[in-house]
Every structure is written in C-alpha cells, then in structure tokens.
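Let me give you the structure first, and then I'll get to my questions.
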Amino acid sequence: MTLILRRASSSFRSSSSSSSDNYPLHYQPPSSPLSSLLSSCKSLRHLQHLHAHIVRKGLHQHHILISQLLSLCNSLSETRYATSIFNHVSHPNIYLWNSILKGYSEKSFLFDAISVFKRMKQSDVSPDCFTFPSLLKACSQEGAIRVGAAVHCAVLRCGVEVDVFVGTGLVDFYGKCREIEDARKVFDGMRERNEVTWTAMVVGYVNLGEMGCAREMFDRMPNKNVVSWNAMIGAYVKWGDLINARKLFDEMPERNVVSFTTMIDGYAKAGDMASARFLFDQSPERDVVAWSAMISGYAQNGQSNEAVKIFHEMHSQNVRPDEFVMVGLMSACSQVGSSELAKWVDTFASQSSINLDQVHVIAALIDMNAKCGNMERAMHLFEKLPKRDLISYCSMIQGLSINGSGAKAVGLFKQMQEEGLTPDTVAFTVVLTACSHAGLVEEGCRYFMSMKNDYGINPSSDHYACMVDLLGRAGRLKEAYGLIKSMPMEPQAGAWGALLGACRLYGNIGLGEIVARHLFDLEPHNAASMTLMCQVVLNNECIG
DNA sequence: GTAGGGTTAG
C-alpha cells in the first residue's frame with residue numbers, strides 16, 4: 001500500500017521538474033497508481049487517507065485529482081467532506097463546480113446547490129451543459145417549480161438547451177413537478193432525444209395518471225431499454241393494473257432484477273403472495289429490494305411467520321438488510337407478538353449499520369415493542385423522539401392499552417391533544433379500544449361524541465364496533481344493541497361479535513340468539529361465532 | 001490525450 005502510494009506521488013512530483021518523468025504537467029495516464037487507488041477507494045477512511053496523502057504532497061490544487069476526490073465523496077455520500085475539500089481549492093474550474101453541485105443535488109440540498117451556482121457565476125467560470133442536469137434534479141426532488149423555471153431561463157441564456165442531457169433534465173423536472181404541458185413543450189422542441197428523454201416523458205404522464213398518453217409515448221419510442229420497460233410496468237403496477245403490467249413483463253426482451261421486483265411488489269400489494277413468491281423464485285438475481293418486497297409483502301398480508309422465515313433466508317445468504325427490510329420485519333414481529341423475537345430484532349437493528357434515527361424506523365420499533373409487551377423499551381424510544389407525531393402516539397396508546405394500562409393510554413391520548421396534534425380516525429379507534437379495555441365507559445362515550453362534534457369525523461363501522469364492545473363489557477347490553485340498530489351503515493361482524501361476547505359474559509341468552517342469527521347470516525362458515533354462541537348457551541345453563 | 005452529467009423498483 002505505502003509502496004504504491006510512494007510510486008504514485010513520485011510521478012506527480014517529478015512531472016513538475018525536468019526529471020526522467022514521461023508525462024507533461026497536467027497529464028495523468030489512466031493507469032496512474034494514485035488514480036487507480038482513487039477509483040478503488042470504498043470507504044471514508046480510505047478516502048481521508050488518500051486525501052491526506054494528496055495534501056502532504058502539495059497536490060491539493062491539482063484539479064484532476066481533486067475532481068476525482070470529489071466524485072469519490074459523492075459516491076460515498078460524504079457531502080460535507082466534499083464541501084471542505086472544495087473550499088480549499090483557490091480557483092476551482094468548471095469540473096470542480098459541477099462535481100460539488102452534483103453532490104448537493106443528490107442529497108436534495110437545493111439551497112446549497114443554488115448558492116453554489118450563484119458563487120460559481122460570480123467567479124469567472126460560466127456554467128456548461130454538465131451544470132444544469134444536477135441543478136434541475138435538485139429542483140424536481142424538492143418540487144421547486146419557480147426555482148426550476150429560473151434555472152430554465154439560465155439554460156436559455158447559456159445556450160445549452162440543445163444538449164440532450166439538459167433537455168432531458170428539463171423534461172424530467174417539469175414532469176416531476178406535474179407541469180406536463182411544459183415538459184411536452186421542451187420534449188417537442190428537442191432536436192435529439194434518447195431512451196432516457198422518452199422515459200422521462202412517460203413517467204411524467206404516469207405521475208398524472210394519464211395512462212393513455214403514457215402508453216402512447218411508450219409505444220412510439222423508437223428504442224426502448226430495460227428502464228423504459230420497467231417504468232411502464234411500474235406505471236401499471238402503480239395504478240393497480242396487474243394484468244397489463246404482467247403482459248408487458250412477459251413481452252419484454254430482457255428483464256433485470258428491477259423488472260422482477262416491480263412485479264413482485266405489485267402482487268404483494270394486491271395480496272397475491274403466491275404469484276409474488278413464484279416470480280421471486282424465478283428471478284435470476286435478488287437484491288435487498290427484492291427481499292424487502294417479499295418480507296413486507298408477507299407482513300402486510302398477515303403471513304408474519306413467512307416474513308420472518310424469508311428474513312432468515314436472506315440473512316443466511318449474506319445480504320445486508322436495509323431499513324426497509326427491518327421495518328417489514330418489525331411489522332411482522334408485532335403481529336406475532338413474541339417478546340423474545342422482538343428483543344432479537346431490536347438488538348439486531350441496533351448492532352447493524354442501519355440508521356435508527358429515521359422517524360419511520362423508530363415508529364416501527366416503538367410499535368413492535370409495544371405490541372410485544374416490551375413497554376419500557378417502547379416508552380424509552382418514544383421519549384427519545386425529537387418530535388412525536390400521530391403515528392408514534394397511536395403506537396404507544398395502543399401498546400399501553402393491550403398491555404393492561406388502559407387508563408395510562410387514555411392519559412397519553414389527552415397529552416397528545418394538549419400537544420396540539422389532531423386525532424384522526426385511527427387515533428379514535430385506538431383510544432376507544434383503550435377505554436373499552438379499561439372499562440372507562442363515560443370517557444369512551446365522550447370521545448365517541450367528540451369525534452363528530454369537535455373533529456368532524458363520521459364514525460366508521462370500526463368505531464361503532466369499539467363502542468358496542470365498550471357498552472357490552474360494561475353490561476349495558478340494551479344500549480349496545482340499540483347502538484348497532486342505529487348505525488347508518490350495515491353492521492359488520494366486528495360489532496355483532498363484540499355484542500355476542502358481551503351476551504356470553506352476562507349470560508343473556510335471549511339477545512345472544514338474535515345476535516348470533518345476524519352473525520351466521522354474515523359469516524355462515526365462521527367457527528368462532530358458532531363457538532361463541534355455544535358458550536352463551538352453556539354459560540346460561542351453568543348460571544341457570 | 002486527463003476529470004464531471006440525465007431515466008426505473010422499496
């Protein structure tokens with residue numbers, strides 16, 4: 001290592017002197033040892049090492065080397081490091097300006113990108129056709145329509161609008177900002193277009209749901225690459241048309257892992273895990289996204305054991321999980337409700353390189369721990385949150401409620417309201433359930449009324465079921481039955497089931513029979529309601 | 001002659 005470094009530096013040092021060196025001052029052959037070291041660099045440590053070496057050798061103004069360092073920072077997502085390197089260059093050339101801009105745009109640092117762009121124009125360097133795609137990307141990611149339009153003006157002032165990359169950047173920007181007519185105007189005015197340009201236009205139509213236009217564009221494309229096909233398949237998946245998605249998938253000349261994952265994800269979201277599994281097994285390649293689609297697919301469809309199984313399979317194949325995988329696994333775990341499994345997942349996540357400070361990861365962790373009975377851990381995570389939202393509050397309230405602390409749960413709901421958060425329909429389901437578990441009948445009734453009166457939320461059949469459960473558990477069977485009969489919608493099995501449970505609890509065989517008849521009509525093959533009905537009768541005989 | 005850019009899946 002040191003040997004290569006020494007040889008690398010000598011070629012630069014000697015190039016400035018008149019020694020035996022073969023290369024002129026700014027020529028760096030592709031096979032230069034330092035250059036190949038830079039291209040093989042894969043970690044921040046290694047990068048810092050190379051940077052230090054370059055500085056020690058007095059090469060920190062060497063534009064080509066610095067440019068390579070900056071793109072290395074970009075590929076390692078080390079934007080701050082890139083900034084500090086860049087700021088030490090006294091007269092950056094266009095390559096360096098463009099490089100630092102690219103780093104900012106990839107991180108969606110629009111503000112920094114724009115201020116760098118201004119600084120660049122104040123220096124003597126004028127932007128070129130490499131400058132604008134980055135700027136436009138930052139704008140489209142942030143949905144900054146006005147800033148992007150200003151960038152468009154700068155493009156025209158520079159006269160680089162004929163460049164296919166710039167044009168494609170503009171099409172993509174307007175398309176992502178839902179300004180499809182402007183996107184089309186740019187597209188129609190372009191002299192040269194490639195597959196990417198066409199695909200950006202297709203995606204623009206897709207985002208507006210204009211599937212007819214999107215398909216027309218797709219069919220008119222002179223050349224299609226695998227990304228174009230995947231974009232069109234993804235479009236059908238996005239709008240729930242799995243038939244056409246599959247048609248294209250079967251038609252396309254060659255598929256990559258994204259093609260498979262797009263279809264797998266579509267099947268999983270439609271609840272068809274059998275088809276998802278079939279394609280997953282067929283896929284010649286499986287990246288972490290493919291595994292993640294299967295894991296969260298199983299979790300969302302209630303097949304949590306399969307989700308856990310496939311996670312272990314992934315783990316055994318040395319695929320490193322990302323946060324999507326972990327969130328899927330946590331969601332599966334909360335359905336299983338096993339405290340041991342939850343602890344294992346929690347520890348695994350903490351020891352991995354996954355960033356646990358992301359809100360959706362913490363939310364999943366809280367939910368899992370709460371549902372698996374690890375309330376202390378859940379509370380600890382909850383209190384550590386920089387900002388608590390509705391979702392994290394609901395996870396905690398539900399956790400407290402199912403772990404027998406209904407009163408605390410209701411207290412937390414109050415705290416949530418005091419913090420200024422507006423409860424939604426899910427929040428009310430959760431707090432009504434908590435009231436029901438804690439026997440807080442009056443409190444529950446108040447929330448049920450407040451839902452409509454204070455928040456304008458019409459109670460759903462779930463909310464009614466909660467109220468029936470609440471009244472039923474408290475022995476107020478007649479009121480519960482009256483509430484069911486007053487429902488503006490057709491009562492579902494949940495409400496009748498709750499009432500039947502209450503009939504069993506209080507041995508009310510007369511009402512129980514009426515309720516059971518409704519349940520049998522709704523779910524003639526449901527063994528649970530049959531069992532419940534038998535228990536009503538038996539219980540009554542015991543009492544009698 | 002050397003260095004930098006755009007589109008797709010979670």
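Below, chains carry the letters A, B, ... as their sequence lines are ordered, and counting in each starts from 1.
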Do the non-hydrogen side-chain atoms of A:S105 and A:L135 ever get within less than 4.5 Å of each other?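 Result no, sub-4.5 Å side-chain heavy-atom pair not found.
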Sugar-phosphate only, base, or nothing, as touched by A:K176 at under 4.0 Å among non-hydrogen atoms: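 Here A:K176 touches the backbone only, sparing every base.
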By the side chain to side chain donor-acceptor pair (under 3.5 Å) test, which pairs, at least two apart or in different chains, include something from residues 155-171 of chain A?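 As it turns out, the side chain to side chain donor-acceptor pair (under 3.5 Å) pairs with a partner in residues 155-171 of chain A, which skip direct neighbours, are A:T168-A:T197.
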Any donor-acceptor pair under 3.5 Å linking the side-chain atoms of A:D128 with those of A:T131?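 Looking only at side-chain atoms, A:D128 and A:T131 do form a donor-acceptor pair, the distance falling under 3.5 Å.
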Taking DNA chain B as the partner, which of residues 158-170 of chain A come within under 4.0 angstrom of it by heavy atom?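 Residues of residues 158-170 of chain A that come under 4.0 Å of DNA chain B are, in numerical order, A:D163, A:F165, A:T168.
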Can you tell me which residue pairs pass the side chain to side chain donor-acceptor pair (under 3.5 Å) test with a partner in residues 278-301 of chain A, sequence neighbours excluded?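 Every side chain to side chain donor-acceptor pair (under 3.5 Å) pair that includes a residue of residues 278-301 of chain A, provided the two are not neighbours, is A:R277-A:D281.
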If you define the side chain from C-beta out and look only at heavy atoms, does anything of A:P127 sit under 4.5 Å from A:W97?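 Side-chain contact under 4.5 Å: no.
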Rounded to whole Å, please give me the gap between CG in A:L136 and P in B:dT7.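 Nearest whole value for this atom pair: 10 Å.
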Restricting to pairs with a member in residues 325-336 of chain A, which pass side chain to side chain donor-acceptor pair (under 3.5 Å), not counting sequence neighbours?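 Sorted result for residues 325-336 of chain A: empty, none.
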Mind listing the residues from residues 101-120 of chain A sitting with a heavy atom below 4.0 Å of DNA chain B? Number order is fine.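 A:K102 - these, ordered by number, are the residues of the stretch whose heavy atoms sit under 4.0 Å from the strand.
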Looking at side-chain heavy atoms only, is the closest gap between A:R220 and A:W198 below 4.5 Å?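 Yes, close enough: below the 4.5 Å cut-off.
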Looking only at the side chain of A:T197 (C-beta and beyond, no hydrogens), which of the listed nucleotides B:dG10, B:dG6, B:dT8 gets closest?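 So the side chain of A:T197 is nearest to B:dG6.
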If I take atom CG in residue A:N98 and atom P in nucleotide B:dA3, what distance separates them, rounded to the nearest angstrom?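 About 15 Å, once rounded to whole Å.
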To the side chain of A:T199, which of B:dG10, B:dT7, B:dG6 is closest?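 The listed nucleotide nearest to A:T199's side chain is B:dT7.
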Check this one for me: any side-chain N or O of A:K137 less than 4.0 Å away from OP1 or OP2 of B:dT7?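 Checking A:K137 against B:dT7: at least one side-chain N or O falls below 4.0 Å of OP1 or OP2.
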What pairs of residues pass the salt bridge (Lys or Arg N to Asp or Glu O under 4.0 Å) test when at least one of them lies in residues 73-90 of chain A, not counting sequence neighbours?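 Salt bridge (Lys or Arg N to Asp or Glu O under 4.0 Å) check on residues 73-90 of chain A returns no pairs.
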Consider the side chain of A:N93, meaning its heavy atoms from C-beta on, and name the nucleotide among B:dA9, B:dG5, B:dA3 that approaches it most closely.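 The closest nucleotide is B:dA3.
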Using the side-chain heavy atoms of A:F130, tell me which of these nucleotides is nearest: B:dG5, B:dG6, B:dT8.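 Nucleotide nearest to A:F130's side chain: B:dG5.
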What nucleotide among B:dG10, B:dT7, B:dT8 has an atom nearest to a side-chain atom of A:N230?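 Out of B:dG10, B:dT7, B:dT8, the nucleotide with an atom closest to A:N230's side chain is B:dT8.
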